[in-house]
Each structure stands twice: as structure tokens, then as C-alpha cells.
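Structure record follows, encoded as C-alpha cells.
Note that the structure is a prediction, hence the values are computed from the model and not measured. Quick note: residue numbers are just sequence positions, from 1. Side chains are part of it too, since the values below use all heavy atoms of this structure and drop only hydrogens, waters and symmetry mates.
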Amino acid sequence: VVVGERDVVLGLIGDQELKGASPDARAEEIMRIDIPTVRPSEEVAALRDRMDRQALHEVVVTMPDGRLVGVVSAGAIHSPGRESDEVRTG
């Protein structure tokens, strides 16, 4: 996750962005800027459904002002024993 001042999310760099990127490319040149976000209070079931429906591999957790809280991966949200009412960060 690429963040700017006050930890506000600017973009995301994943495996797809790194594939074929020049070794001297800057983060701002390869990062995705239209990234899915969710608030920490989002219910896990709703988030899981959204991720499945939109085929999302990860969702960035932010506060209303855009500050980074964490990242939820599809693997983590579909893991057995990960049932919870709300997205947990830490």
C-alpha cells in the first residue's frame, strides 16, 4: 500500500503491477490508484460477498479520511476459523 502524508492511501502495488515493471520504476508510476476500500466496521460476511462478486484479491481498510488501517486479503477472509462480525485490523 502506498501512503502519503498522514498515512492517507494513494495507491496499491501488487503482483500484477510488479510483473514487467522496470527495476528503476517509481511506486507512483506502477501503483493502482482506483483501489477498493472498506471501513473497519464492515461486516465480514458483506465484505466476503463483495470480494467474491467483484473478484477482488485484496481490499484496503481505511478510515473515512483515507488513512490506512490495514489490508484484507481474499485468502485470509476465506480461511477456516476466520468468522467474525467485523473486519479486524491490527
Side-chain angles (χ1 to χ4, degrees):
V1 178
V2 181
V3 297
E5 291 183 36
R6 301 182 214 213
D7 292 331
V8 172
V9 175
L10 301 176
L12 183 68
I13 299 174
D15 291 340
Q16 294 299 323
E17 291 74 33
L18 292 173
K19 288 180 186 174
S22 169
D24 33 330
R26 297 185 327 217
E28 65 185 354
E29 296 171 336
I30 64 169
M31 69 182 181
R32 283 184 282 149
I33 56 172
D34 185 21
I35 57 173
T37 62
V38 65
R39 300 291 179 257
S41 60
E42 178 82 16
E43 291 186 5
V44 171
L47 178 57
R48 184 183 305 118
D49 290 345
R50 176 181 167 199
M51 291 178 77
D52 288 346
R53 201 173 45 254
Q54 297 177 6
L56 301 172
H57 298 285
E58 63 273 321
V59 175
V60 177
V61 183
T62 62
M63 297 303 288
D65 63 1
R67 283 182 295 129
L68 176 65
V69 177
V71 177
V72 178
S73 70
I77 204 163
H78 286 94
S79 295
R82 292 296 231 170
E83 297 297 321
S84 174
D85 291 341
E86 295 184 350
V87 174
R88 301 223 186 268
T89 59

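Here the side chains of Glu58 and Pro36 are not in contact, with every heavy-atom distance at 4.5 Å or above. Looking at Met51 and Arg48, their side chains never come closer than 4.5 Å, going by heavy atoms from C-beta outward.
Note: Gln16 CD to Ile30 CD1 = 12.0 Å, rounded to the nearest 0.5 Å. Rounded to the nearest 0.5 angstrom, Ile13 CD1 and Ile35 CD1 are separated by 10.5 Å. With values rounded to the nearest 0.5 angstrom, Leu12 atom CG is found 11.0 Å from Asp34 atom CG. The CG atom of Asp49 sits 11.0 Å away from the CD atom of Gln54 when rounded to the nearest 0.5 Å.
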Report the C-alpha distance between Leu47 and Val59 in whole Å, list the side-chain angles of each, state the deciding distance to 0.1 Å, and finish with yes or no for side chain to side chain contact (heavy atoms under 4.5 Å, CB included). CA-CA 9 Å; Leu47 178 57; Val59 175; 4.1 Å; yes

In sequence, state the C-alpha distance, the side-chain angles, and the governing distance for Val8 and Asp65, and then conclude on side chain to side chain contact (heavy atoms under 4.5 Å, CB included). CA-CA 7 Å; Val8 172; Asp65 63 1; 5.6 Å; no

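The two residues Val2 and Ala27 come nearest to each other via the heavy atoms CG2-CB, 4.3 Å. The two atoms that bring Val3 and Val9 nearest to each other are CG1-CA, 4.2 Å, heavy atoms only. The two residues Met31 and Gly11 have their closest heavy-atom pair at SD-CA, 3.9 Å. Shown here for Glu29 and Ala25, the closest heavy-atom pair between the two residues is OE1-CA, 3.4 Å.
Hydrophobic clustering of Ile, Leu, Val, Met, Phe, Trp and Tyr side chains at less than 4.5 Å, counting indirect connections, keeps Leu10 apart from Val60.
For residues 8-20, the set of pairs meeting the salt bridge (Lys or Arg N to Asp or Glu O under 4.0 Å) definition, not counting sequence neighbours, comprises Glu17-Arg32.
Exactly one of Leu68, Val71, Val38 qualifies for a side chain to side chain contact (heavy atoms under 4.5 Å, CB included) with Val61. That residue is Val38.
Checking Arg67 against Thr62 by side-chain atom types alone, no donor-acceptor pair falls below 3.5 Å.
No more than 12 heavy atoms of other residues, nucleotides or ligands shown are found within 6.0 angstrom of CD1 on Ile33.
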